[in-house]
Amino acid sequence: MSETVRVRFAPSPTGYLHIGGARTAIFNYLYARHSGGRFLLRIEDTDRRRSRREYEQDILAALAWLGLEWDEEPLRQSARISRHREMVDALLESGAAFRCFVPLEKAERIKQAEMERGGINAFRSPDRELSAKQSQARADAGEPFAIRFRIPTLDVSFHDAVRGTVSTPAHTIDDFILMRRDGSPTYMTAVVCDDSDMGITHVIRGADHITNTPKQVLLYQALAAPVPEFAHVPLILGPDRKRLSKRHGAQALTEYREQGYLPEAVLSYLSTLGWSSGDDRELFTRDQLLENFTLAGINKASAVFDEQKLEWMNAQFMSQQPDERLQQMLRREFARRIMAGEIPHGTGPMLAKAVNVLKTRAHFPIDILDKGRYFFTDPELIEDRKAAKKRLKDPATPDRLEELANRYEKLSGFDEHSSEQALREYADELEVGAGKLIHPTRLAVSGVGSGPSLFAMLGALGKETVMRRLRTLARFLREHGTPPDLGDEDTDPPKLTA
RNA sequence: GGCGCGUUCGUUCAGCGGUUAGGACGCCGGCCUCUCACGCCGGAAACACGGGUUCGAGUCCCGUACGCGCUACCA
């Protein structure tokens, strides 16, 4: 009871941080913070051929983006090789491990043969019974060897916080390698040594490690070190029910960030993939997660990643965000578009209005810029042929748009309210439904048939802009007819301002 | 092949011996409405199969099937 929880996330920098790794990191983080413990990082960079600094940066950046703050300086596994060797030497000394002089090819042949005759028994090195003296002599003579663990005859079992007791018959476990022929420690050696030295109390990792665990438990026991608690979290599968791999599309966390996913949404979604608070909630803030997370809430079965649901969740979080936050997120892309000439200079103040009006109908921040181009620049053409055909067919439309512009011009104060009032009054005078004016006005002002409340748009756009666009469309309709002839599907429609 | 783990709507998460098997995403229909979203209301949709145990089983046990993982001198 006295010891505080210490958990670790141990990525190997041989690729970007993916959904699966991120989820494992999240569970570790949540468990640590929930129980007032520490969340540590260990970079497993001992595969020197495949490890890259660039991936390491990506992983750290992704964790930071999710807000998974780690405690203490991350431990680099490659810096601990001499410690790993020490551990293996101690094991050799105690007899828990032995030198195996069997050449690689021969060991493979033995295993192959065993597999062919049914594969009931695991690999047992013929050298496991060599006397210490013989073993030492051959080593001294310069004969190459690997160091293997001597699997005892007792079966192994361990407790898993997710699955309960997991047992494995000892005869199915290989005399696995602790130290390669070239003197480098293997994964099995490194994890146990590091977890033990780091004082890790709970090992929370992917279910693909379940079958490694008995070997590690045996190592802890041989070392007379305390065995940590294990929790193997279900794997995340792709839509094809195969384990999520780097192959299928945008799996890297940083790519989700680029696409405009909010870290809050990703955190919430990933937390509820394979874990549940026990009730029906599924939108969680970080604080709610920290409060509710328990290992007991983790599921056993693997889960399929559903991007559609993530997207929905993103939209949920989007509409809850303060406008300033969204503006902030958009700033860079907004500046880029201005530089690229896609958005006119001086339209910065419109961004706030676009965000405010559009955020509840956007799934991603970028949608606000894409769907809301008309906030910043006059529509150049009517892209929406269907809407044009349906809403601009009345021959009276050009005159009405013109007249509406004139009425707006006379308004002393122009805002959401007064623009609506004036339009409805005019519609009443004409004895037509307000829709007869609303739809053409929407097309005039935005160039598209769908969007936010018209009057919210008018208010945001301001009198001058609205009048200009109304008159532009009126002129265009007089020139191109009602409904306007917009040409073929595959050619661009004519410009509004010729 | 061997060993391990798993199996509730298409997906996800509830259910922890007695429920009309619930919520969410997606899908379909309706309401709201100036359109599109949002929101609200409603609908279709699941306990892999077979044996037990029990008065009673989605819930406990065993088997089968299927899926996934591991089976490296990778991590």
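Chain naming here is simple, since letters A, B, ... match the order of the sequence lines and numbering starts at 1 in each.
Here, B:U71 and B:A57 have their P atoms 42 Å apart, quoted to the whole Å. Here the separation of B:C73 from B:G69, taken at their C1' atoms, is 22 Å to the nearest Å. Rounded to whole Å, the separation between the C1' atoms of B:C68 and B:C60 comes to 25 Å. If you take atom C1' in B:A21 and the same atom in B:C41, they sit 22 Å apart, rounded to whole Å. One P atom belongs to B:C16, the other to B:C27, and the distance between them is 32 Å to the nearest Å. A distance of about 16 Å separates the P atoms of B:C61 and B:U54, rounded to the whole Å. The separation of B:C47 from B:U12, taken at their C1' atoms, amounts to 16 Å, rounded to a whole angstrom. Using atom C1' as the reference point in both B:A48 and B:A24, the two lie 24 Å apart (nearest Å).
Side-chain proximity of A:N212 to B:A75, B:G69, B:C3: nearest is B:A75. Among B:C73, B:C25, B:A75, the nucleotide with an atom closest to any side-chain atom of A:S12 is B:A75. Residue A:S453 has its side chain nearest to B:C34 when only B:C34, B:C3, B:A75 are considered. The side chain of A:T360 lies closest to B:A37, out of B:G6, B:A37, B:C73.
Side-chain contact annotation: A:E116 with A:Q112, donor-acceptor N/O pair under 3.5 Å present.
Among the heavy atoms of the strands, none lies under 4.0 Å from A:H232. Residue A:Q316 is in sugar-phosphate contact alone, with no base atom involved, counting any heavy-atom pair closer than 4.0 Å across all strands shown. Counting non-hydrogen atoms under 4.0 angstrom, A:Q77 reaches the backbone sugars and phosphates but no base. Among the heavy atoms of the strands lying under 4.0 Å from A:V166 are primed sugar atoms or P, OP1, OP2 only; no base atom is included. Counting non-hydrogen atoms under 4.0 angstrom, A:V102 reaches a base of the nucleic acid. Residue-level contact check: A:G118 touches the backbone only, with heavy atoms under 4.0 Å from sugar-phosphate atoms and none from bases. If you check every strand for non-hydrogen atoms under 4.0 Å, A:P452 touches a base.
Annotation: of the two residues near RNA chain B, A:D174 and A:K371, the 5′-most nearest-nucleotide partner is A:K371. Mapping A:I210 and A:I438 onto RNA chain B by nearest heavy atom places A:I210 closer to the 5' end of the strand.
With rounding to whole Å, A:K300 atom NZ is found 20 Å from B:G69 atom P. One interatomic measurement links the two molecules: CZ of A:R109 to P of B:A72, which rounds to 16 Å at whole-angstrom precision. One interatomic measurement links the two molecules: CD of A:E108 to P of B:U71, which rounds to 14 Å at whole-angstrom precision. Rounded to an integer number of Å, the gap from A:D195 CG to B:A75 P is 15 Å. Distance A:D155 CG to B:G4 P: 10 Å, rounded to the nearest Å. Atoms CE (A:M115) and P (B:U71) sit 11 Å apart, rounded to a whole Å. If you measure from atom CG of A:L237 to atom C1' of B:C5, you get 13 Å, rounded to the nearest angstrom. In this structure, the CD atom of A:Q321 is 16 Å from the C1' atom of B:C38, given to the nearest Å.
If you check B:U20 for Watson-Crick or wobble pairing at under 3.5 angstrom, you find it has no partner at all. Of all nucleotides present, only B:G69 satisfies the Watson-Crick or G-U wobble test against B:C3, with each distance under 3.5 Å. Across the strands present, B:G39 finds its partner in B:C31; the criterion is a Watson-Crick or G-U wobble pair with both atom distances under 3.5 angstrom. Taking a pair to require two hydrogen-bonding distances under 3.5 Å in either a Watson-Crick or a G-U wobble arrangement, B:C49 pairs with B:G63. Remark: B:U54 base-pairs with no nucleotide in the shown strands. Criterion, Watson-Crick or G-U wobble with two distances under 3.5 Å.
A salt bridge does not link A:R83 to A:D194: none of the charged side-chain nitrogens sits closer than 4.0 Å to a carboxylate oxygen. For the pair A:E264 and A:R325, the salt-bridge criterion is met [side-chain N within less than 4.0 Å of a carboxylate O]. Taking 4.0 Å as the cut-off between side-chain N and carboxylate O, A:R109 and A:E114 do not count as a salt-bridged pair. A salt bridge links A:R281 to A:D279: one of the charged nitrogens lies within less than 4.0 Å of a carboxylate oxygen. Checked for salt-bridge contact, A:E56 and A:R52 miss the test: no charged N lies under 4.0 Å from a carboxylate O. Using a 4.0 Å cut-off between charged side-chain N and carboxylate O, A:D175 and A:R150 make no salt bridge. Electrostatic pairing of A:D45 and A:R76 counts as a salt bridge here, judged by a charged N lying under 4.0 Å from a carboxylate O.
A ring pair (Phe, Tyr, Trp, His ring centres under 6.0 Å) with A:W275 is found for one member of A:F27, A:Y31, A:F293 and no other, namely A:F293. For the pairing with A:H232, the side chain to side chain donor-acceptor pair (under 3.5 Å) check across A:T211, A:D160, A:D208 returns one residue only, A:D160. When the options A:Y187, A:F149, A:F123 are evaluated for a ring pair (Phe, Tyr, Trp, His ring centres under 6.0 Å) with A:F176, the one that passes is A:F149.
Outside the 6.0 Å centre-distance limit, the rings of A:Y261 and A:F317 are not counted as a close aromatic pair.
Distances shorter than 4.0 Å separate none of the side-chain N or O atoms of A:Q112 from OP1 or OP2 on B:A72. A sub-4.0 Å separation between OP1 or OP2 of B:A72 and a side-chain N or O of A:K111 is present. Residue A:R243 places at least one side-chain N or O closer than 4.0 Å to OP1 or OP2 of B:C70. Under 4.0 angstrom from either OP1 or OP2 of B:A75 there lies at least one side-chain N or O belonging to A:T46.
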Can you check each nucleotide of nucleotides 40-45 of chain B against protein heavy atoms at under 4.0 Å and return B for base, S for sugar-phosphate only, - for none, in 5' to 3' order?
------
Pull out every protein N or O sitting under 3.5 Å from an N or O of nucleotides 10-13 of chain B, one pair per line with the distance.
from	atom 1	to	atom 2	distance (Å)
B:U12	OP1	A:V304	N	2.9
B:C13	OP1	A:G274	N	2.9
B:C13	O3'	A:N299	OD1	3.3
B:C13	O2'	A:S276	OG	3.1

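The base of B:C38 lies outside donor-acceptor range of the side chain of A:R361, with no N or O pair under 3.5 Å. Remark: the A:R163 side chain and the B:C5 base include no donor-acceptor N/O pair separated by less than 3.5 Å.
The main-chain N or O of A:S419 is found under 3.5 Å from a side-chain atom of A:Y408 such that the two form a donor-acceptor pair.
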